[in-house]
Amino acid sequence: MGILEVKDVGKRFGGLKALSDVNLSVAENTCHAIIGPNGAGKSTLLNCLVGKLIPDTGSVMFDGQSVLGRSPHEINQMGISRVFQTPEIFGDLTVMENMMIPLFARRDGSYRLHAIESVASEKDLTQQAEQMLDEVNMLDKRHMHSASMSRGDKRRLEMAMCLIQRPKLLLLDEPTAGMARADTNNTIDLLKQIKEERDITIAIIEHDMHVVFSLADRITVLAQGTPLVEDTPENIKGHPKVKEAYLGEAA
Amino acid sequence: MNVRPDFSKHANHAETAPAFLSVWDMHSYYGESYIVQGISFNVHEGEILALLGRNGAGKTTTLRSIARLDNPQVMKGEIWLDHQPLHTMRSHQAAVAGLGLVPEDRRIIPGLTVEENLQLAQIAPPIGWSLDRLYELFPRLGERRRQEGVTLSGGEQQMLAIARALARDIKVLLLDEPYEGLAPVIVDEIEKTLRHIKEQGMTTIIVEQNAVRALQLADRAVILDTGSIVYDGSAAEVLENESLRAEYLAI
Amino acid sequence: MFGLDKKDGTLLIIVAILTMCAPFILNPFPADSAMAQFNAGYPDLMQRFVIFGIFAIGFNILFGLTGYLSFGHAAFLGVGSYSAVWMFKLLSMNILPAIILSVIIAGLFALVIGFVSLRRSGIYFSILTLAFAQMSFALAYSVLTPITNGETGLQVTLDDPRILGMSATADGSIPVTNLFGLEMRAAYDMAVGPWSFTFSAGYYVCAVILLIAFYLSIRIFRSPFGMMLRAIKSNQTRMNYTGLNPKPYTLAAFVISGMYAGLAGGLLAAMDPLAGAERMQWTASGEVVLMTILGGAGTLIGPVLGAGMIKYFENIFSKINEATLHGWFDFLPEPLENATVWVLEHFVGAGWHLTLGVIFMLVVIFLPGGLVEGGQRIGRLFGRKKAATKAAETKPAE
Amino acid sequence: MDAILLQILNGLDKGSAYALIALGLTLIFGTLGVVNFAHGALFMIGAFCAVTMQRLFGLSFETVDPDKTDFLGNPLKVKTPYLESWFGPEVGGALIDWSVPLAILLAIPVMLIIGYVMERGLIKHFYKRPHADQILVTFGLAIVLQELIKHYYGANPIQTPAPEALAGVAQLLPGVVYPIWRIVYFCFAVLIIGAVFAFLQFTTFGMVVRAGMADRETVGLLGIDIDKRFTLMFGMAAAVAGLAGVMYGPINAPNYHMGMDFLVLSFVVVVVGGMGSLPGAVAAGFLLGILESFASTTWATTTIPGINQIIIYLVAIIILLTRPRGLMGRKGVME
Amino acid sequence: FTNEPTGDTVTLGFNVPQTGPYADEGADELRAYELAVEHLNGGGDGGMLNTFSSKALEGSGILGKKVEYVTGDTQTKSDAARASAKSMIEKDGAIMITGGSSSGVAVAVQGLCQEAGVIFMAGLTHSNDTTGKDKKANGFRHFFNAYMSAAALAPVLKNLYGEDRKAYHLTADYTWGWTQQESIAAATEAMGWETVENVLTPLAATDFSSYIAPVLNSGADVLVLNHYGGNMVNSLTNAVQFGLRNKEVNGKNFEIVVPLFSRLMARGAGENIKGIVGSTNWHWSLQDEGSKAFVKSFGTKYGFPPSQAAHTCYVQTLLYADAVQRAGSFNPCDVAAALEGFEFDGMGNGPTLYRAADHQCFKDVLVVKGKENPTSEFDLLEVVEVTPAAQVTYPPDHPMFAGGQLGSCNPGA
Ligand SMILES: Nc1ncnc2c1ncn2[C@@H]1O[C@H](COP(=O)(O)OP(=O)(O)OP(=O)(O)O)[C@@H](O)[C@H]1O
Ligand SMILES: Nc1ncnc2c1ncn2[C@@H]1O[C@H](COP(=O)(O)OP(=O)(O)OP(=O)(O)O)[C@@H](O)[C@H]1O
Ligand SMILES: CC(C)C[C@H](N)C(=O)O
Ligand SMILES: [Mg+2]
Ligand SMILES: [Mg+2]
């Protein structure tokens with residue numbers, strides 16, 4: 001039994017079958033990659049996991065509980081964090097403030113209406129945030145207005161915001177798209193390290209095969225809304241169908 | 001108005017062919033922050049130029065400056081396209097003068113369908129490829145023509161952004177990370193297209209994090225670092241020269 | 001100081017000094033000079049400055065931090081006033097219970113209206129709040145007359161019960177609002193040469209409350225809660241996917257700002273025990289929006305400045321009439337005098353709205369950040385040397 | 001039965017005014033995204049175009065009638081309009097009589113110019129500014145316009161009667177009469193609404209402006225000079241508001257604050273209709289007009305006291321709570 | 001007492017609507033005030049000072065002090081009006097406040113003056129409440145009220161339209177509208193009319209068509225418009241548009257009545273006002289000496305005749321000055337005592353009494369009609385009847401005025 005169990009999920013947009021009969025099981029503390037051609041339904045699948053979309057059919061279980069019917073913030077509180085395909089950060093806030101918000105969020109869903117004490121007095125939260133920023137190499141940018149960063153930096157910030165929540169399941173939608181090679185490598189290292197250090201499960205969508213093959217323990221290939229194959233990276237690399245429909249020369 | 005800036009002091013402009021697009025001593029600012037710090041380079045007709053550099057180096061800023069968008073502001077410098085002074089123009093005039101930009105976050109217009117997004121590009125003359133021809137290039141778009149543009153998958157949006165540029169009759173194509181989020185097979189496809197239109201005489205500047213791919217495609221490369229040009233020369237040379245790559249591209 | 005950092009502490013001290021010395025600052029002209037017309041240091045206007053300051057500070061907690069633009073905040077002010085006057089009628093003329101009740105009732109109102117309105121965002125939210133406020137106004141103006149006394153406004157009368165106080169004083173007049181015996185109307189006049197300054201008990205009560213309100217708003221701005229609100233304004237999607245439900249936070253902000261409005265309403269009634277229905281009309285809600293933007297939305301001191309500016313024009317410019325103008329310019333030769341007066345006449349007296357309109361436009365065109373921005377510009381002008389050295393260091397943002 | 005018919009007619013008529021004002025406002029607010037608090041003032045200026053036309057046509061010279069005296073006991077000065085002395089009382093009188101509809105000829109250029117100047121001179125700089133700033137600047141402008149009108153035309157309403165021929169009532173059914181001018185106004189409104197729709201529907205103009213609204217930068221990249229179109233759009237909206245005002249004069253005498261009276265209501269109409277939707281604004285205008293009409297009947301006011309005063313707001317609340325984007329709002333427009 | 005004048009000047013506060021729907025009335029009131037001050041200080045031709053029955057005033061200011069004044073904007077809102085009055089008292093040291101053009105405002109400001117200890121000389125206010133349930137010892141009203149309008153109108157209506165009429169009332173939904181409707185209904189019912197319906201209309205309404213349409217089929221043959229200002233102009237215009245005036249119901253010509261008229265409004269209503277009956281406090285065409293003197297000095301100064309608003313404000317200022325002069329003191333209590341029970345003449349309304357019990361003036365009431373053939377733009381109303389004061393007088397404890405107490409006069413600090 002994996003930590004994430006997707007059973008028979010289907011989703012239609014009008015006449016378009018974006019997902020059908022998707023079955024997926026992600027084992028705890030592994031990295032599962034989802035690849036597939038553009039428009040295969042990868043992001044749609046992720047959206048169904050975090051409550052942005054509600055699947056028409058099927059079930060999604062996380063940690064033994066169904067996520068369906070819960071709102072995004074409740075799902076997050078269950079331990080799922082997500083990095084988006086186009087960075088979603090608090091553009092009006094500084095980098096450091098961006099990091100503080102997830103720290104203020106309570107896992108148990110209770111509210112902190114601390115309206116009187118000051119942010120500065122939250123010493124250990126501040127420390128945690130700085131440490132995390134250091135890990136993603138962004139400590140020097142902590143006072144920057146986050147909207148005016150280059151996009152690669154926004155990506156890293158968003159990832160840091162998710163990681164600092166110590167999620168059980170981290171969902172990454174093309175985390176390294178648009179990142180310089182050096183930073184891509186850093187990211188790979190960071191994710192590897194985190195996976196080792198913490199009890200974390202990662203599901204990642206990527207078109208960069210270098211990233212996929214460096215990180216993934218298992219790979220699902222999605223095509224036209226249904227899983228084509230699911231296997232280990234080695235086997236996928238050589239899979240002729242995958243090669244033809246997706247990898248092209250990159251393989 | 002045909003006065004050409006003097007480029008003789010730039011060692012790398014040894015070629016005798018007259019530049020088709022030339023940027024001379026361009027300085028760009030986002031508000032108070034000084035980003036592009038006096039860069040000059042030439043692109044010849046029918047050439048593909050790769051513009052490379054780390055995250056935040058100023059590549060996007062350079063392209064946006066050339067496309068004459070309101071932000072960043074070009075405080076100093078000249079930009080000439082085929083004897084026309086782009087630096088005196090606003091973005092819509094530059095577009096009419098023959099400039100096409102595929103912006104980095106795709107900028108699909110919300111509220112418009114795929115087809116309307118393309119039609120929009122054909123309102124102001126000169127008009128380029130017909131819609132049919134574009135759908136032929138990207139069949140996926142043809143299938144989705146009535147869908148709202150922003151609900152396309154990430155990769156489909158990228159296709160739409162490229163198609164939208166080609167829908168206009170342009171002389172220079174500026175591509176800001178065109179491969180981002182695209183499946184490897186599609187990247188192959190687009191690369192082919194770029195080669196194809198190059199043969200028909202299109203001049204292209206491509207910004208890409210996948211430096212190796214870009215360099216394989218390009219004739220020449222310009223490498224930016226913190227807003228200044230650190231390399232301007234043949235693309236092949238960068239590919240071959242380990243130290244150059246290590247120094248500026250970290251690959 | 002008081003848990004504020006140095007900058008905020010300084011700001012609080014400056015505001016404290018300004019409010020405490022307001023009777024001097026606002027009366028810069030000798031009482032019998034021609035310029036005395038521009039003096040604003042009389043109790044009623046000073047009270048209005050601080051009361052509307054409180055109103056605007058509260059509004060800014062909602063608008064400045066969350067970006068939710070309420071067009072119905074006057075309803076809470078009105079509800080606060082009505083509650084306070086009812087306390088004066090039923091309980092006693094002591095302002096403390098009245099103010100406490102007005103804050104509570106306004107808070108409850110805000111809770112209900114906010115709960116419903118916050119189901120929508122953006123312009124839809126604005127229109128919902130507007131609709132609620134306009135309904136309250138319409139009801140207060142006519143149908144609910146038994147409670148609100150309609151157009152005339154709710155007043156204290158000689159035959160009110162006032163169970164803890166007295167219905168009428170010994171000499172047959174209505175008792176005066178007070179704070180444990182300190183009459184709000186009490187004032188002390190001080191004459192220094194040709195100058196005269198008035199120290200009013202009511203004003204100082206309001207001023208102290210303003211300082212507390214201001215202090216609380218600084219704390220809120222700097223708190224995790226405040227940061228959370230700014231995050232909501234910035235990106236609700238990210239907020240959701242960070243495991244935070246924005247609704248309770250925005251609702252809390254809405255209720256807090258509603259309570260500020262109620263406090264302001266209660267104080268208005270405490271200073272002058274009459275609650276008119278017009279203070280709930282959309283124009284009144286619009287006024288606080290204008291105050292906040294004029295001063296600088298999202299800044300701490302801006303709303304107070306904006307409130308002061310609008311109230312100043314309303315009370316001072318509307319009172320300048322043709323005769324006053326002729327008085328000022330009679331040193332000019334007759335035709336010139338008449339011409340000057342003719343031009344200025346457009347802008348004062350009945351034309352005070354015109355001046356206000358022009359000011360709105362000028363401020364927003366030339367000082368996009370409101371009056372606070374103007375202040376900063378002046379500040380920068382003086383600190384130009386420092387700025388120049390800074391500019392030289394400007395480096396690429398990497 | 002007759003009573004219901006009459007209330008429907010009234011509702012349609014009230015609705016015409018709401019719809020026309022809301023239509024203009026949607027073009028600016030729902031499409032260009034500018035919160036234009038001066039829109040009511042544009043409507044008022046339109047109405048004062050009719051007043052001005054009437055005054056222009058009525059310009060007269062004075063002759064002294066020695067037989068009569070004025071209020072101070074001096075000989076009375078009698079005025080004769082120039083038009084009557086130039087074209088004879090027949091034609092001149094007719095021209096004066098028809099001054100309100102003729103004022104359309106004055107209003108169109110005036111409103112287009114005002115719209116042009118306003119957009120180029122002011123609004124243009126505010127597209128990218130926060131809505132709050134737009135509110136402040138347009139509200140300031142509205143006050144200025146209103147005060148100027150008050151200064152030169154006074155605060156009391158000024159009658160602008162319909163031409164004699166259109167001033168009476170029409171017998172619609174046995175026992176059902178209705179003022180002719182109101183029928184004219186309704187038809188006029190339908191005509192204008194139709195024209196605006198046709199223009200936006202059968203040209204790409206609407207699409208381009210919508211696109212420009214959503215993302216100016218990208219539209220510029222596609223070679224389109226969006227500024228020009230925005231100006232044209234604004235001018236059109238001003239003209240619609242102005243025309244609504246001109247023709248409204250005979251229904252209710254124009255006064256300087258008529259714009260403010262309509263302002264808040266027209267925002268409510270636009271939002272209830274749904275941001276960015278022209279049909280929505282028109283539908284909401286008529287809907288609220290009819291509902292308001294029915295809420296004003298004795299039957300309604302005795303059932304629920306005060307319902308006539310709150311109906312519009314009540315309906316607005318209900319609609320916004322049940323339909324997140326009003327009747328036909330577009331997703332993403334000013335949310 | 002509050003604001004005791006110590007120098008050689010005395011300041012009066014003129015609190016009028018400068019903005020909002022009554023701004024035109026306000027402007028006219030202000031003109032009258034300025035004229036009054038001029039006359040009090042001995043300037044101009046003296047106006048009604050010469051015709052006023054009391055000869056205490058000499059044109060040398062009040063008690064020898066030169067009269068100065070401050071003006072303020074009530075915005076026709078009770079809140080704003082009180083703020084403005086407060087600033088006149090606190091900042092400018094006004095000893096008397098006068099003005100206003102809505103009963104709500106008048107009542108609110110009257111309350112304030114009572115608390116602050118200054119005299120309030122009401123301007124335009126027509127609700128019964130001002131000197132009824134909301135009367136105050138420091139407040140005085142020269143203008144007539146709704147009850148008086150009704151008492152004066154009823155006999156005229158009976159003459160013109162007969163005893164068998166069915167009246168439909170449209171009423172502005174606030175204090176003034178209610179008291180006027182109550183008064184008119186009571187008076188007309190007393191002479192045999194039937195009130196078929198009374199519909200309250202929101203003050204904010206601009207289009208009255210949906211209120212007019214039901215009148216057509218209600219069986220009523222008289223429409224009473226208890227509206228004022230813009231409301232009245234619009235409702236009357238709408239009524240005429242719907243052809244009410246050309247209608248025949250129950251075999252009678254349909255009639256419209258506007259109980260409270262003013263010339264400024266009549267101008268707003270234009271053609272529609274012709275032949276419509278109503279009441280007014282004063283009209284410039286009156287031929288008594290006082291009115292003629294006032295019209296002459298006002299007309300000479302401003303170029304047009306004064307409105308009833310201007311008249312009542314002018315008179316109130318003179319009455320106040322005269323009372324101070326007679327009392328020999330500015331003390332509000334002395335002034336009030338001098339005004340209470342004061343009888344005078346020569347101010348345009350015939351012999352008048354300031355009744356001590358409620359501080360209401362009792363004088364002749366004019367019933368007027370929109371003129372069919374006006375000779376000039378000012379000649380809009382013609383006086384149908386001058387109803388003698390006796391006919392409109394009521395006992396102080398009349399039920400429509402019951403409820404409040406005058407209290408005792410307050411001289412303030
Ligand atoms: N809201 C929507 N309405 C209609 N169609 C949609 C919607 N959202 C997604 N689609 C369609 O569903 C399909 C799957 O989209 P999805 O975003 O999941 O693809 P993806 O696998 O993430 O692709 P990419 O790698 O390009 O990001 C696409 O063809 C897309 O056009
Ligand atoms: N709107 C903005 N305001 C202020 N600074 C900005 C803005 N946009 C970008 N910058 C800054 O300009 C610098 C260059 O950014 P630019 O987007 O041109 O980089 P890039 O080379 O395209 O990087 P990437 O590969 O990450 O896209 C960065 O340091 C960034 O912080
Ligand atoms: C102006 C007044 C004569 C009438 C006014 N509406 C009032 O309330 O009294
Ligand atoms: Mg995707
Ligand atoms: Mg970039």
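Just so we're on the same page: letters track the sequence lines, and every chain starts at 1. FYI, side chains are in, hydrogens and waters are out, and symmetry mates aren't considered; it's all heavy atoms of this structure.
- Aromatic rings from D/Phe267 and D/Phe37 are positioned such that their centres are separated by under 6.0 Å.
- Not a single donor-acceptor pair under 3.5 Å links the side chain of C/Ser234 to the backbone N or O of C/Arg230.
- No option in C/Tyr260, C/Phe254, C/Tyr68, C/Phe132 other than C/Phe254 meets the ring pair (Phe, Tyr, Trp, His ring centres under 6.0 Å) test with C/His73.
- Only the side chain of D/Leu263 comes within contact range of chain C, with heavy atoms under 4.5 Å apart.
- For chain C, the nearby part of D/His151 is the side chain; its heavy atoms alone come within less than 4.5 Å.
- Here C/Leu290 is the residue among C/Val143, C/Leu294, C/Leu290 with the most heavy-atom pairs under 4.5 Å with chain D.
- When heavy atoms are compared at a cutoff of 4.5 Å, C/Val364 approaches chain D by way of both its backbone and its side chain.
- Residues D/Asp133 and D/Val137 are not in side-chain contact: their nearest non-hydrogen atoms beyond the backbone lie 4.5 Å or more apart.
- Ring planes of C/Phe76 and C/Phe109: perpendicular class, angle over 60° (limits at 30 and 60°).
- Aromatic ring pairs are classed by plane angle as parallel below 30°, tilted from 30° to 60° and perpendicular above 60°; the pair D/Tyr248 and D/Phe43 is tilted.
- Of the possible polar contacts, one joining the C/Arg120 side chain to the D/Leu320 backbone as a donor-acceptor pair under 3.5 Å is found.
- Interface remark: D/Leu145 contributes no atoms to any contact with chain C (heavy atom separation under 4.5 Å).
- For chain D, the nearby part of C/Leu69 is the side chain; its heavy atoms alone come within less than 4.5 Å.
- To the nearest 0.5 Å, the span separating OG on C/Ser257 from CG on C/Leu62 amounts to 4.5 Å.
- In this structure, C/Tyr124 contributes its side chain and D/Met275 its backbone to a donor-acceptor pair below 3.5 Å.
- Side chain of D/Thr138 to backbone of D/Val35: a donor-acceptor contact under 3.5 angstrom is found.
- Counting heavy-atom pairs closer than 4.5 Å to chain D, the top residue among C/Leu356, C/Ile365, C/Leu362 is C/Ile365.
- Among residues 294-304 of chain D, no residue has any heavy atom closer than 4.5 Å to a heavy atom of chain C.
- Within the 6.0 Å centre-distance limit, the rings of C/Tyr141 and C/Phe137 are counted as a close aromatic pair.
- By a heavy-atom distance cut of under 4.5 Å, C/Trp282 are the residues of residues 279-289 of chain C near chain D, going up by number.
- Once rounded to the nearest 0.5 Å, the distance linking CD of D/Glu292 with CD1 of D/Ile311 reads 8.5 Å.
- For chain D, no part of C/Ile359 is nearby; none of its heavy atoms comes within less than 4.5 Å.
- For the atom pair CG (C/Leu371) and CZ (C/Arg377), the distance works out to 12.0 Å, reported to the nearest 0.5 Å.
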